[in-house]
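Beneath this line is the structure, given in structure tokens, with notes to follow.
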Amino acid sequence: MRQDLINQAVAVIRTNDRGAYTVPTQGLYPFQWNWDSALVSLGMSHFDENRALTEIETLLAHQWEDGMVPHIIFHQHDYGYFPGPEVWNTGRKVPTSGITQPAVAGFALKRLMDRSSRPDALKARAVVSLRKIHAWHEWFFRTRDPEGTGLVAIIHPWESGRDNSVDWDDAFTRVPTDGVAPFKRRDTSHANPAHRPTDEQYKRYIYLVQLFRSLGWDNAKLHDASPFRVVDPGFNAILLRSCSDLAALARDLGEAAIAEQSQAFANRGIAAMETLWDKELGQYFCYDRVANRLIESPSVGGLLAAFCAVPPTRAKAIAARIADIANHCRFLVPSHDPRSPDFDGTRYWRGPVWLVVNYMIADGLFAAGETTIAARIEADSIRLIEESGFAEYYDPITAEPCGGGSFTWTAAMVIEMLSSGKIAA
Ligand code: DGY
């Protein structure tokens, strides 16, 4: 049965493979997405490690001169997606969006190299990618942490990957909708509109795109100009984990300066994560950098923080918090606490379970020795696939498959989880 699931997962990835990159799913997302590709490369590495590395290399080939790695690469025309390249208008030869996404690539590159059957043959390619990823990390701390706090802000909810999380609701009220050019959404013709963000949220997403476009996509200006600046613990944990993994990989590859600076980023950032800790709830919160206050929203962003090397007491508290949440749903880990009045089990990031998030939380908790809850998270993930197939996300109570179908990163995570030997066969 488990081998059968792996075979099905490989077939999903192959269907969405465009040669040198994958699309997340046909129709809804017809281009290359940044953190999708990095996570997908891990699943691919179990059946084609050369192609897996290519996935990351294709993404990094579209890095901007300032170091940013964009969140979408529009390799081919497709009118089935909004907002397309004409809305972003970033002036790139191969069009890209103008914002970024969670920095998973550093973590993924190290994992690919650790498990490679021929690391010496891949070494030269790995060094090239390592340097580009490091430039991206430097870009983050230079442009998204201008005051040197150790933590970076996102300036658009799409950067977090958790587009319509309850976490952004308050901060989003500051983003106006005046002057937003009329548009037609395409996502709602591919997926159930009840599973997607609202029209009101879309207007604000587009307001921010128009604002940044009017500033010429100049990253020296965007952070301070954005009315939306939020420090997301999950987003930062991914970046900090990638920094520490890059430090270790750089040491192996003889890149001493990158190793030293990456380790310094990780150490400083992990210390700063303490400012986001909420003792009462036992998880991290987002911080609104414009309003200068913590955002007391019980979302998965504060649990995903376990992906980086937070202190053992914090990892233990997060494990306990997830065990408590388990009493209120059938499948871990819901993207929002099911007891909250804002919880919506089928609407994108306001409640559903996402396998990529489960994978990263479980990885961090396994590393911290919180193995019982980590194994439960992975076992729940596989039960979801058995009940509902390879969907984009799932209702944590009913297992209803939501969003797009035949989803590449969901398939990749199934291969990862079933191949790790950490959960019962
Ligand atoms: C979308 O279009 O839904 C994406 O999440 C934006 O990147």
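- Results of the side chain to side chain contact (heavy atoms under 4.5 Å, CB included) test with L294 over L276, D278, D288 single out L276 as the only residue that passes.
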Practice task
Please step through side-chain contact (heavy atoms from CB on, under 4.5 Å) for the pair L42 and R115, ending with a clear verdict.
Solution key: CA-CA 10 Å; L42 295 171; R115 68 165 58 133; 4.3 Å; yes
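- Relative ring orientation between H71 and W158 is described as parallel, the plane-to-plane angle staying below 30° on a 0-90° scale split at 30° and 60°.
- Distance alone, capped at 3.5 Å, places no donor-acceptor pair between the S244 side chain and the A266 backbone.
- Cation-pi geometry between R241 and F307 is met: under 6.0 angstrom from the ring centre, within 45 degrees of the axis.
- A side-chain N or O of N16 and one of T408 form a donor-acceptor pair less than 3.5 Å apart.
- Inspection of the E400 and T346 side chains reveals no N or O donor paired with an N or O acceptor under 3.5 Å.
- Looking only at atom types and distance, the side chain of E392 has a donor-acceptor partner in the side chain of Y29 under 3.5 Å away.
- Heavy atoms only, all atoms of each residue included: I361 and L304 are closest at CG1-CA, 3.8 Å.
- Between S381 and N358, the shortest heavy-atom contact is OG-ND2, 3.0 Å.
- Residues R92 and H62 fail the side-chain proximity criterion, which asks for heavy atoms closer than 4.5 Å.
- For the pair T149 (side chain) and D145 (backbone), a donor-acceptor distance under 3.5 Å is absent.
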Exercise for the section: Run the numbers on L332 and C329 for side-chain contact (heavy atoms from CB on, under 4.5 Å), then give the verdict. Expected result: CA-CA 7 Å; L332 289 171; C329 60; 4.3 Å; yes
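- Under a 3.5 Å cut-off, the side chain of T410 and the backbone N or O of A391 do form a donor-acceptor pair.
- Using a 4.5 Å heavy-atom cutoff, the side chains of R330 and E387 are in contact.
- The minimum heavy-atom distance linking G80 with H190 is given by the pair O-NE2, 3.0 Å.
- Looking at W136 and T100, their side chains come closer than 4.5 Å, going by heavy atoms from C-beta outward.
- Between P197 and Y348 there is a side-chain heavy-atom pair separated by less than 4.5 Å.
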Handout entry: Chi angles and distances behind the side-chain contact (heavy atoms from CB on, under 4.5 Å) call for D78, F31
Key = CA-CA 8 Å; D78 192 310; F31 312 109; 3.8 Å; yes
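- With a 6.0 Å cutoff to the six-membered ring centre and a 45° limit on the axis angle, K422 counts as a cation-pi contact of F366.
- Ion pairing between a basic and an acidic side chain is recognised when a charged N comes within 4.0 Å of a carboxylate O; E55 and R18 show no such pairing.
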Problem - Pair F141-F265, ring pair (Phe, Tyr, Trp, His ring centres under 6.0 Å): steps then yes or no - result: CA-CA 8 Å; F141 292 107; F265 284 151; 4.3 Å; yes
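- You'll find the side chain of D380 stays beyond 4.5 Å of the side chain of V333, heavy atoms only.
- The shortest distance between side-chain heavy atoms of Y287 and F285 does not fall below 4.5 Å.
- The aromatic rings of F407 and W409 are tilted relative to each other, their planes meeting at an angle between 30° and 60°.
- Using a 3.5 Å distance cut-off with no hydrogens or angles, the side chains of T22 and D17 do not pair a donor with an acceptor.
- Remark: R186 is not positioned above the aromatic ring of Y81, lacking an NZ or CZ atom under 6.0 angstrom from the ring centre and at most 45 degrees off the axis.
- Looking only at distances, a side-chain donor or acceptor of Q63 sits under 3.5 Å from a matching main-chain atom of K132.
- Here the side chain of E49 pairs a donor or acceptor atom with the backbone of S117 at under 3.5 angstrom.
- Put simply, the side chain of E159 gets close to the backbone of I155: a donor and an acceptor are under 3.5 Å apart.
- Counting only distance, with no hydrogens or angles, the side chain of T143 and the backbone of N219 share no donor-acceptor pair below 3.5 Å.
- D163 and W349 share no side-chain donor-acceptor pair at under 3.5 Å.
- Between R51 and A20, the shortest heavy-atom distance links the atoms NH2-C, 3.5 Å.
- A donor-acceptor contact closer than 3.5 angstrom is absent between the side chains of S335 and R162.
- Side chain to side chain, E416 and H46 meet the donor-acceptor criterion of an N or O pair below 3.5 Å.
- Counting all heavy atoms, side chain and backbone alike, L59 lies closest to P70 at CD1-O, 4.3 Å.
- The backbone N or O of H223 sits nowhere less than 3.5 Å from a side-chain atom of S226 that would complete a donor-acceptor pair.
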Practice task
Give the C-alpha distance, both sets of side-chain angles, the deciding distance and a yes or no for salt bridge (charged side-chain N to carboxylate O under 4.0 Å, His left out) between R111 and D363.
Solution key: CA-CA 12 Å; R111 192 147 281 190; D363 185 273; 2.7 Å; yes
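- Counting only heavy atoms from C-beta outward, the side chains of C286 and V231 never approach each other to under 4.5 Å.
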Handout entry: Worked check of side chain to side chain donor-acceptor pair (under 3.5 Å) between S297 and D167
Key = CA-CA 6 Å; S297 167; D167 294 356; 2.6 Å; yes
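- In this view, F172 and Y205, F228 satisfy the ring-ring contact (aromatic ring centres under 6.0 Å, His included) rule, not counting sequence neighbours.
- By the 4.0 Å N-to-carboxylate-O rule, E147 lies too far from R289 to be salt-bridged with it.
- The minimum heavy-atom distance between W35 and G161, with the atom names listed, is CZ2-CA, 3.6 Å.
- Within the 3.5 Å criterion, the main-chain N or O of G389 finds a donor-acceptor partner in the side chain of Y394.
- In summary, of the residues considered (D395, D169, D337, D344), a salt bridge (Lys or Arg N to Asp or Glu O under 4.0 Å) with R350 occurs for D169 alone.
- Judged by distance alone, the side chains of N236 and R144 never bring a donor and an acceptor atom under 3.5 Å apart.
- In this view, Y21 and H75 satisfy the ring-ring contact (aromatic ring centres under 6.0 Å, His included) rule, not counting sequence neighbours.
- Cation-pi geometry between R185 and Y202 is satisfied (NZ or CZ under 6.0 Å from the ring centre, within 45° of the ring normal).
- A donor-acceptor pair under 3.5 Å is formed between the side chain of Q283 and the backbone N or O of S299.
- For the pair R347 and Y393, the cation-pi test (distance below 6.0 Å, angle within 45°) is failed.
- Salt-bridge formation is detected for the pair R314/E274: a Lys NZ or Arg NE/NH1/NH2 atom is positioned less than 4.0 Å from an Asp or Glu carboxylate oxygen.
- Counting heavy atoms from C-beta outward, I382 and R2 have side chains that approach closer than 4.5 Å.
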Practice task
Begin with the C-alpha distance, continue with both residues' side-chain angles, and end with the deciding distance and a verdict on side-chain contact (heavy atoms from CB on, under 4.5 Å) for Q263 and R251.
Solution key: CA-CA 10 Å; Q263 197 57 58; R251 280 191 284 275; 3.7 Å; yes
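- Using cut-offs of 30° and 60° for the angle between ring planes, the F140 and F235 rings count as perpendicular.
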